[in-house]
Amino acid sequence: MAQHHQHHEPTGMSLANEAQATLERNGEQWTPMRAAIFDALSGEEKPASAYDIADTVSKARGKRVAPNSVYRILDLFVASNLAMRVESANAYIANAHPGCVHDCIFLVCRTCGEATHVDDDALTGNVRKRAASEGFRTERPVIEVLGTCAKCAA
């Protein structure tokens, strides 16, 4: 059975401020480029690739931003729990609750591309336990369910 809990869901400037505070607590700087990339990522409704984000930031800044730079910053965001990677889409979404750490389960719609993040600590805990029973040390479980969301199915 899934563990359900309430999250404070910051948005807009509040989310950016929480992301900045989280990154700085981890000993990292919140640079203008990191802020621009986080703003672009958090403004996306669907998982976005590094190329999508580079295009958005390039247009906003009026000069080209290299996707390689975006990838490095996204890797930092994932490591700092500011973003989550949707592996099957090779794309990222902003973490709406950066202070809360869970293994990610994504429901990925093949029709519209939307990825819904759900928490089920019992399920991911069982995955980690099963891996450990095989002598495997996990970094993080990656659980993605591909299918059709309720909006597209209607």
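- Residues A94 and L41 share a closest heavy-atom pair of N-CG, 3.7 Å.
- Taking the side chain as every heavy atom from C-beta outward, I37 and F77 approach each other to under 4.5 Å.
- In this structure E45 satisfies the salt bridge (charged side-chain N to carboxylate O under 4.0 Å, His left out) test with no other residue, sequence neighbours excluded.
- A donor-acceptor pair under 3.5 Å is absent between the side-chain atoms of D55 and the main chain of D52, judged by distance alone.
- Closest non-hydrogen pair, A16 versus F38, comes out as CA-CE2, 3.9 Å.
- Screening residues 114-154 for ring-ring contact (aromatic ring centres under 6.0 Å, His included), with sequence neighbours left out, gives H97-H117, F106-H117.
- Connection of L146 to I105 is not established within any shared hydrophobic cluster, with ILVMFWY side chains joined at heavy-atom distances below 4.5 Å, either directly or through further cluster members.
- One hydrophobic cluster holds both I73 and V78 under the rule that ILVMFWY side chains link at heavy-atom gaps under 4.5 Å.
- When only modelled atom types and interatomic distance are considered, N17 and S14 share no side-chain donor-acceptor pair under 3.5 Å.
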Side-chain polar contacts of residues 26-36 - donor-acceptor pairs under 3.5 angstrom, sequence neighbours left out - could you list them?
unit_1	atom_1	unit_2	atom_2	d
T31	OG1	R34	N	3.1
R34	NH1	Q29	O	2.6

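- By the side chain to side chain donor-acceptor pair (under 3.5 Å) test, T111 is found to be paired with no residue, residues two or more places apart in sequence or in another chain being considered.
- V108 is listed as a side-chain neighbour of V86, based on a closest heavy-atom distance under 4.5 Å.
- No path of Ile, Leu, Val, Met, Phe, Trp and Tyr side chains, each step under 4.5 Å between heavy atoms, connects M84 with I143, placing them in separate hydrophobic clusters.
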Determine all donor-acceptor pairs shorter than 3.5 Å in which one atom belongs to a side chain in residues 65-72; sequence neighbours excluded.
unit_1	atom_1	unit_2	atom_2	d
S69	OG	R72	NH2	3.4

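- For the atom pair L23 CG and L76 CG, the distance stands at 5.0 Å (nearest 0.5 Å).
- Here salt bridge (charged side-chain N to carboxylate O under 4.0 Å, His left out) pairs that include residues 102-111, with residues two or more places apart or in two chains, are D103-R128.
- In this structure, P47 and A91 approach most closely via the heavy-atom pair CB-CB, 3.5 Å.
- In this structure Y92 satisfies the ring pair (Phe, Tyr, Trp, His ring centres under 6.0 Å) test with no other residue, sequence neighbours excluded.
- For E44, the side chain to side chain contact (heavy atoms under 4.5 Å, CB included) criterion is met by A48, T56, not counting sequence neighbours.
- Legend: salt bridge (charged side-chain N to carboxylate O under 4.0 Å, His left out) pairs involving residues 73-97, not counting sequence neighbours, sorted by first then second residue: R85-E87, E87-R140.
- Hydrophobic cluster membership is shared by L107 and L123, with clusters built from Ile, Leu, Val, Met, Phe, Trp and Tyr side chains linked at under 4.5 angstrom.
- With sequence neighbours excluded, the residues forming a side chain to side chain contact (heavy atoms under 4.5 Å, CB included) with E114 are C112, T116, K151, listed by chain and number.
- Counting only residues at least two apart or in different chains, salt bridge (charged side-chain N to carboxylate O under 4.0 Å, His left out) contacts with residues 57-67 are absent.
- Note: the hydrophobic cluster containing V57 does not contain I93 (ILVMFWY, side chain heavy atoms under 4.5 Å, direct or indirect links).
- At least one side-chain heavy atom of L82 sits under 4.5 Å from a side-chain heavy atom of T22.
- Pairs passing the salt bridge (charged side-chain N to carboxylate O under 4.0 Å, His left out) check and including a residue from residues 141-150, sequence neighbours excluded, do not occur.
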